[in-house]
Peer 1: 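Structure provided below as structure tokens; questions to follow.
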Amino acid sequence: MKLSKPQLALSAIAFTFAGLGGAIAILRLWTVVPVGQVGVVDTFGQVAEQPLNPGIHLRNPFSKIIHFATRTKELKETAESPSKDGLITTVDVSILYRIDPAQAKRLYQTVGGDYESVILIPYLRSHLRRATANFNAKDLYTTQRQALAEQLRRELQATVSDRGLIVEDTPIRNIILPESLQKAVQSKLQAEQDSQRMQFVLQKEQQEAERKRIEARGIADAQRIIGQGLTEKTLRFRQIEATEKLAQSQNTKIVVIGEGGSRSTVQLQP
């Protein structure tokens, strides 16, 4: 039976939709996990034991794939925190962390995808307040910043490790003290630097004075040794040598020989 033009058009549309549906169904049988991520497979609430590593994977078309980034990420936070001496400091801190791929399932089941706002930031603020309470504000501003960062990293890692997160570092970007204390600390640091600079100058002057004393002692020793060797016979011998050298020159010379009343004059012709 020959189909009419409208029927042919409807058939073509039906075949097109069928082909698209088949292509979509085939595509849903495969999933791609990009580099730097893992995929957690959730099939109607049943989570697969092993996450999907980067690459192409065959999948259940009814399953949901949740991607988690496993590269190191930075989370920045600024919080006010009390010090040991009761002052409120403003601390700018970062968390360098990553997801443990082997525990991506646990992270998905216990926290979900919004793990930064659910556990990382609250725990960071809590541990930061506890950590700064062990240090005086002045020490945090000067010498104990690294100690604070290490304590914060250690305590935060112990808290979130069982959730599937690995804390690599918690660098302190900046610490802001109350303005009055900050000026006092800066003045003290400037005074310490001036004192160290003065000590360096004094040490340099002492070294220079010691060098001059050694140099003067060497000159005195040399003069003493030379003086001991200048006997009467030696002086006369040097005088005769000098006279001989003068006699060998091409000019007329008048040479005075001797001392006091024993002097004599000798004229040497070329």
Side-chain angles (χ1 to χ4, degrees), residues 1-79 92-130 149 152-171 173:
M1 182 177 62
K2 186 176 181 181
L3 299 177
S4 62
K5 289 184 178 180
Q7 290 176 329
L8 289 173
L10 290 174
S11 298
I13 293 173
F15 278 117
T16 300
F17 277 105
L20 289 174
I24 292 173
I26 292 174
L27 289 176
R28 285 187 61 84
L29 294 175
W30 300 92
T31 187
V32 177
V33 178
V35 175
Q37 297 185 9
V38 293
V40 177
V41 182
D42 184 349
T43 308
F44 302 117
Q46 298 294 322
V47 183
E49 287 294 329
Q50 296 297 326
L52 302 179
N53 294 320
I56 301 176
H57 302 272
L58 185 65
R59 56 169 286 186
N60 185 336
F62 300 102
S63 297
K64 180 172 59 174
I65 310 298
I66 300 90
H67 291 202
F68 285 91
T70 56
R71 290 192 177 102
T72 299
K73 298 174 66 176
E74 180 185 17
L75 176 63
K76 296 182 178 180
E77 180 65 14
T78 299
D92 294 332
V93 60
S94 293
I95 306 176
L96 300 179
Y97 76 96
R98 57 186 171 87
I99 293 175
D100 183 359
Q103 298 193 61
K105 172 189 175 182
R106 181 175 180 82
L107 181 63
Y108 173 68
Q109 288 179 317
T110 60
V111 182
D114 194 18
Y115 48 84
E116 287 190 348
S117 62
V118 173
I119 60 173
L120 270 180
I121 293 178
Y123 279 134
L124 171 64
R125 291 175 177 173
S126 174
H127 288 302
L128 180 61
R129 291 187 180 95
R130 184 183 300 113
L152 182 59
R153 184 205 63 80
R154 186 173 59 252
E155 293 181 356
L156 189 59
Q157 173 60 34
T159 303
V160 301
S161 60
D162 61 344
R163 300 298 187 99
L165 298 174
I166 299 174
V167 179
E168 297 179 351
D169 199 4
T170 52
R173 302 195 311 275

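Here the structure is a predicted model, which means the values were calculated and not measured.
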Peer 1: Would you find a donor on one side and an acceptor on the other, under 3.5 Å apart, between the side chain of T110 and the backbone of R106?
Peer 2: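 The answer is yes, because a donor-acceptor pair under 3.5 Å joins these two groups.
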Peer 1: Could you walk me through whether L152 and L128 pass the side chain to side chain contact (heavy atoms under 4.5 Å, CB included) test, one step at a time?
Peer 2: CA-CA 6 Å; L152 182 59; L128 180 61; 4.1 Å; yes
Peer 1: Ignoring hydrogens, what is the shortest heavy-atom contact between V33 and H57? Give both atom names and the distance.
Peer 2: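 The pair with the smallest heavy-atom distance is CG2-CD2, 4.0 Å.
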Peer 1: Output the distance between atom CG (D92) and atom CZ (R173), rounded to the nearest 0.5 Å.
Peer 2: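 With rounding to 0.5 Å, CG (D92) is 5.0 Å from CZ (R173).
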Peer 1: Looking at CD1 of I95 and NZ of K73, how far apart are the two atoms once the value is rounded to the nearest 0.5 Å?
Peer 2: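 Atom-to-atom, I95:CD1 and K73:NZ are 11.5 Å apart.
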Peer 1: Which heavy atom in V41 sits nearest to a heavy atom in S63, and how many Å separate them?
Peer 2: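 Heavy atoms only, the tightest pair is CG1-CB, 3.8 Å.
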Peer 1: What I'd like to find out is whether the side chain of I99 reaches to under 4.5 Å of the side chain of Y115, using heavy atoms alone.
Peer 2: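 Answer yes - side chains close enough.
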Peer 1: With a 4.5 Å limit on heavy-atom distance, are the side chains of R98 and T70 in contact?
Peer 2: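 No; the side chains remain at least 4.5 Å from each other.
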Peer 1: Nearest 0.5 angstrom please: I66 CD1 to L52 CG, how far?
Peer 2: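 Answer rounded to 0.5 Å: 10.0 Å.
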Peer 1: In this structure, are over 12 heavy atoms from other groups packed under 6.0 Å from Q50 atom CD?
Peer 2: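 At most 12 heavy atoms, drawn from other residues, nucleotides or ligands, come within 6.0 Å of this atom.
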Peer 1: Kindly compute the distance separating NZ (K105) from CG (D42), expressed to the nearest 0.5 Å.
Peer 2: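 CG of D42 is found 10.5 Å from NZ of K105.
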Peer 1: Looking at every heavy atom in both V38 and A104, which two are closest together, and how far apart are they?
Peer 2: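 Nearest heavy atoms, V38 then A104: CG2-CB, 3.8 Å.
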Peer 1: How long is the span from the CG atom in N60 to the CG atom in L58, to the nearest 0.5 Å?
Peer 2: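 N60 CG to L58 CG: 9.0 Å, rounded to 0.5 Å.
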Peer 1: Nearest heavy-atom pair of E74 and S94: which atoms, and what distance?
Peer 2: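 Closest heavy-atom pair between E74 and S94: OE2-OG, 2.8 Å.
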Peer 1: Looking only at non-hydrogen atoms, find the nearest pair between P51 and P101 and report the distance.
Peer 2: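 Heavy-atom minimum between the residues: CG-O, 3.4 Å.
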Peer 1: Less than 4.5 Å apart, side chain to side chain, heavy atoms only: is that true for T78 and K76?
Peer 2: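 The answer is no, as the side chains (C-beta and beyond) never meet within the 4.5 Å cut-off.
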Peer 1: Give, for atom CD of Q103 and atom CZ of R163, the distance between the pair rounded to the nearest 0.5 Å.
Peer 2: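 With rounding to 0.5 Å, CD (Q103) is 11.0 Å from CZ (R163).
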Peer 1: Can you give me the closest heavy-atom contact between R153 and E168, atom names plus distance?
Peer 2: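 Closest approach of R153 to E168: CD-O, 3.4 Å.
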Peer 1: Begin from the C-alpha positions of I119 and L165 and carry the test side chain to side chain contact (heavy atoms under 4.5 Å, CB included) through to its verdict.
Peer 2: CA-CA 10 Å; I119 60 173; L165 298 174; 3.5 Å; yes
